J.: 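Here it is: the structure, laid out below.
On a predicted model such as this, the values are computed, not experimentally measured, just so you know. Naming: A, B, ... by sequence-line order, numbering from 1 per chain.
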Amino acid sequence: MKISEKLARETLLEMQRRMLRIRLFDERASKMVKRGYIPGTVHTSIGQEAQVVGACMALKSGDHMTGNHRSHGHPIGMGSPLGPLMAELVGKATGVCKGKGGSLHLADYAVGSLGESGITGSSIPIAVGAGLSAQVLGEDRVALTFFGDGTANQGVLYESMNLASAYKLPVIFLCENNFYALSTPSHTVTGGRIVDRAAGFGMPGVRVDDGQDVMAVYDAVAEAVDRARRGEGPSLVEVMTYRFREHSEGLRINVDYRNSEEKQFWTARDPIVLFREALIAAGIATAAEMDAIEAEIAQEVEDCASFALESPDPEPSVAFEHLFTDAYDLEDVL
Amino acid sequence: MSVMTYIGAIGAAQQEAMSADPRVIIIGEDVEANVYGTTGGGKQRAEQGDFVQQFGKNRIRNTPISEEAIVGTAIGAAMTGLRPIVDLSYSSFLYMAMDQFVNQAAKNRYMFGGQSSIPVVFRSAMFYGLNTGAHHSDRPYPMFMNVPGLKIMAPASAYDAKGLLRSAIDSDDPVLTFEAVPLWGAKEEVPDEEYRIPFGVARTRREGCDVTVVGVSGSLPLALQAAEDMAARGVSCEVIDPRTLVPLDTGTIVRSVLKTGRLVIAEPAHRTCGAAAEIAAVVADKAQHALVAPIKRVCALNMQVPFSPALEAQIYPTRERIVAAIEAVCADQLNAENRRVG
Ligand SMILES: Cc1ncc(C[n+]2csc(CCOP(=O)(O)OP(=O)(O)O)c2C)c(N)n1
Ligand SMILES: [Mg+2]
């Protein structure tokens, strides 16, 4: 892995911190699902940290991001503090969405995270809208939307790509290609390569073949972001990566749809290990410094879990708030 | 005061809102050429220039034929600083964007714990009764009433259309307008100064004491005509236009039924699970003790819309069907009246 010379040491270390946050947060979330602390469905981004963080770190403050069901990594990648995220997963009053979103619907507007989406593809045009508002208002910001290889077969993506391209909107379409849509191998339901579809809409399409290399992801997305900021319009970036765990926590699929050889190949390419080694090899940080960062993040995750578990439940009346911005008659609701 | 048509009032409201706030934009298919008549045209175009001349192509934008992306993009733009008005032309096209209405517009503020506000107006017009056939004639507002988080207006006159649309554009929540094309040419006096009509306040169009007749959208003028017919026969109808369906001013309707003891509801949507069904249920719940006759609904039949002029008209409420419903609930009175006259 080649460490970018353009990036400050602190930025590089922050990348590793964010990847570690995602890894340890999701590992902890997985345990909390198993122990019954987190209800509902949880999809982890374990294995895909470089793809998430490389993309998010190419954005800057003021930019926007929308995500999907594999949802914790995106706000963490944008810099969202862990406590309110974990509290949201547990369903507590201190949750980032006050306990009304849950794992599938995280959003943290303070860091530009406009919302994850349980409906695959549904949040893609939301990012296009953020691009439109930037253009109409003449504001220097871009919007990035994450979606999976499975979701790349939804029509709304192509309506969105076409509209963004026709208007030259500052949008980055980021396909997280982990080769599977749940149990379905992507290539069995996908005609051609996803990246090649960009050409049909008159926008650049770039494929990052090694999405475990955070530098490669960062470079590709940074170029798309620069282009968007220059007013030259949207890009599609397809990142090849792999999820290390099952589609969702607790899901048991009887068919062995991913063979062990493939799994071994990818788990040997752990993005966090690769980046740690590259940083040490490039003399950016010592092993001891990297150990310290890992310990620091482990503590952060420890703290976020205690924060979540110790937080109070939301008041029942919170269920009846936030339907509209103005006062509404609760008699119509209850 | 000056006299305006229903469609002219919509155009005028858009023009005022565009002039008042640079965050307001209009996007939709063919809005630049003013194909549907609400983005500058006719007299306005000649005298003051059309919307593109006035506001520029940055704020008046033709879109591709991509309803799902148009609606989603408008929602995203509303969440990040704009106040878009989306012209979806035919209400029948809303289905193409159902996911965006239901899963994004209606849910985002709620499920993100109040972090977002979504000030966007989705305008569409119900082209029914115009022999456009089954694909273009829909009146789908009840489907959206079933989705918490969407505000819905269905004006029946120029004055209401203008004032409600201004409130819709001011609203920080998503609003769907359902405009009645059969009323496009209907004229009404409209104040010259800017005004707004609040949501959730019904308009009593005619006072009466024997029966309450609620008319929604294009059925309201028919209800007024039916009331006129019945007045000649000694039955006094109170005619109410709810104007907005979400929020719905149930108070005005219930108070009226407490006075009259009878209720007829007319609307152009299909009967099953329509606005009339909802109003009937609320009245049955809150004013059952005052009812002296069953509640009658006069709706579009539970049937698809046929094309031929010889077939289509019988699908929707008519003045005659509303009269028949009033006759049915006022049978006692009519008998008494007949005895008096005889
Ligand atoms: C509209 C819609 N259809 C189906 C689903 C069920 N579903 C959730 S995730 C998923 C697979 C998505 O695959 P992909 O887009 O590749 O993302 P990945 O899970 O691999 O990250 C499916 C089918 C859904 N949530 N929404
Ligand atoms: Mg996938």
J.: Heavy-atom count around A:L182 CG within 6.0 Å, excluding the residue itself: above 12?
T.: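 Result for CG/A:L182: enclosed.
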J.: What are the residues of residues 146-166 of chain A, in order of number, with any heavy atom under 4.5 angstrom from a heavy atom of chain B?
T.: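 Hits under 4.5 Å: A:V156, A:E159, A:S160, A:N162, A:L163.
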J.: Are there residues of residues 312-322 of chain A that reach to under 4.5 Å of chain B by heavy atoms, and which ones?
T.: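 So the qualifying residues are A:A319, A:E321, A:H322.
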J.: Where is the tightest heavy-atom contact between B:D99 and A:I119, given as atom of each residue plus distance?
T.: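 Answer, listing the atom of B:D99 first, then A:I119: OD1-CG2, 3.5 Å.
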J.: Non-hydrogen atoms of chain A under 4.5 Å away: do they reach the side chain of B:V71, the backbone, both or neither?
T.: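 No part of B:V71 comes within 4.5 Å of chain A.
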J.: So, using salt bridge (charged side-chain N to carboxylate O under 4.0 Å, His left out) as the criterion, who are the partners of B:R83 when residues are at least two apart?
T.: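 In terms of salt bridge (charged side-chain N to carboxylate O under 4.0 Å, His left out), with neighbours along the sequence ignored, B:R83 is linked to B:D172.
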J.: Taking the six-membered ring of B:F112, is NZ or CZ of A:K100 closer than 6.0 Å to its centre and within 45° of its axis?
T.: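 The answer is no; the distance or angle limit is not met.
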J.: Over all heavy atoms of both residues, which pair between B:N103 and A:S122 is shortest? Give the atoms and the distance, please.
T.: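 Answer, listing the atom of B:N103 first, then A:S122: CB-OG, 4.1 Å.
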J.: What part of A:D329 is in contact with chain B, defined as an atom under 4.5 angstrom from a non-hydrogen atom: side chain, backbone, both or neither?
T.: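 Neither part.
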J.: Tell me, yes or no, whether the heavy-atom count around B:K286 atom NZ, taken from other residues, nucleotides or ligands under 6.0 Å, exceeds 12.
T.: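 More than 12 within 6.0 Å, yes.
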J.: With a cut-off of 6.0 Å (strictly less than), are more than 12 heavy atoms of other residues, nucleotides or ligands near CE of B:M96?
T.: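 Not buried by this count: 12 neighbours or fewer within 6.0 Å.
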J.: In the structure I gave you, are the side-chain heavy atoms of B:Q115 and A:L114 within less than 4.5 Å of one another anywhere?
T.: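 A side-chain contact under 4.5 Å is absent here.
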J.: Are there residues of residues 61-97 of chain A that reach to under 4.5 Å of chain B by heavy atoms, and which ones?
T.: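 Listed by number, the contacting residues are A:H64, A:V96, A:C97.
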J.: Would you say that B:S116 contacts A:Y109 through its side chain, given a criterion of any heavy-atom pair below 4.5 Å between the two side chains?
T.: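 They are in contact (side-chain heavy atoms under 4.5 Å apart), so the answer is yes.
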J.: Does any backbone or side-chain atom of B:I118 lie under 4.5 Å from a heavy atom of chain A? Answer side chain, backbone, both or neither.
T.: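 Interface part for B:I118: neither.
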J.: Using heavy-atom distances under 4.5 Å, tell me whether B:K151 contacts chain A through its side chain, its backbone, both, or neither.
T.: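 Both backbone and side chain of B:K151 come within 4.5 Å of chain A.
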J.: Using a distance-only test with no angle check, is there a side-chain donor-acceptor pair under 3.5 angstrom linking A:T325 and B:D173?
T.: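 Yes, because at least one side-chain N or O of A:T325 sits under 3.5 Å from a partner of the opposite role on B:D173.
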J.: Out of curiosity, B:N58 CG to A:Q135 CD, how far, rounded to the nearest 0.5 Å?
T.: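 B:N58 atom CG to A:Q135 atom CD measures 6.5 Å (nearest 0.5 Å).
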J.: Distance from A:Y167 atom OH to B:I27 atom CD1, nearest 0.5 Å?
T.: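 Going from OH on A:Y167 over to CD1 on B:I27, the span is 5.5 Å.
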J.: So which part of A:L106 gets closer than 4.5 Å to some heavy atom of chain B, the side chain, the backbone, both or neither?
T.: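 It is the backbone, since no side chain atom gets that close.
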J.: With respect to chain A, which residue among B:G114, B:G113, B:P64, B:P22 yields the maximal number of heavy-atom pairs within a distance under 4.5 Å?
T.: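 Option with the greatest count: B:G113.
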J.: Between A:S133 (side chain only) and B:T80 (backbone N and O only), is there a donor and an acceptor less than 3.5 Å apart?
T.: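 Yes, the answer is positive, given that a donor and an acceptor are paired below the 3.5 Å cut-off.
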J.: Side chain, backbone, both or neither: which part of B:S171 has a heavy atom under 4.5 Å from chain A?
T.: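 Neither part.
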J.: Quick one, B:Q100 and A:I126 - any side-chain contact, counting heavy atoms below 4.5 Å?
T.: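 Yes, their side chains come closer than 4.5 Å.
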J.: Determine, stepwise, if the pair A:H105 / B:N108 fulfils side-chain contact (heavy atoms from CB on, under 4.5 Å).
T.: CA-CA 9 Å; A:H105 314 111; B:N108 279 358; over 6 Å; no
J.: To the nearest 0.5 Å, how far apart are CG in A:L132 and CD1 in B:I25?
T.: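 The CD1 atom of B:I25 is 4.5 Å from CG of A:L132, to the nearest 0.5 Å.
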J.: Less than 4.5 Å apart, any side-chain heavy atom of A:S117 and any of B:Q104?
T.: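 Side-chain contact under 4.5 Å: yes.
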J.: In terms of heavy-atom pairs under 4.5 Å with chain A, which of B:L82, B:I65, B:T63, B:L248 leads?
T.: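 It is B:L82.
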J.: If you count heavy-atom pairs under 4.5 Å with chain B, which of A:S123, A:A130, A:G118, A:G115 comes out on top?
T.: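 Ranked by heavy-atom pairs under 4.5 Å with chain B, first place is A:A130.
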J.: Is the positively charged end of B:R109 above the ring of A:F324, judged by distance under 6.0 angstrom from the centroid and angle within 45° of the axis?
T.: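 No, B:R109 does not lie over the aromatic ring of A:F324.
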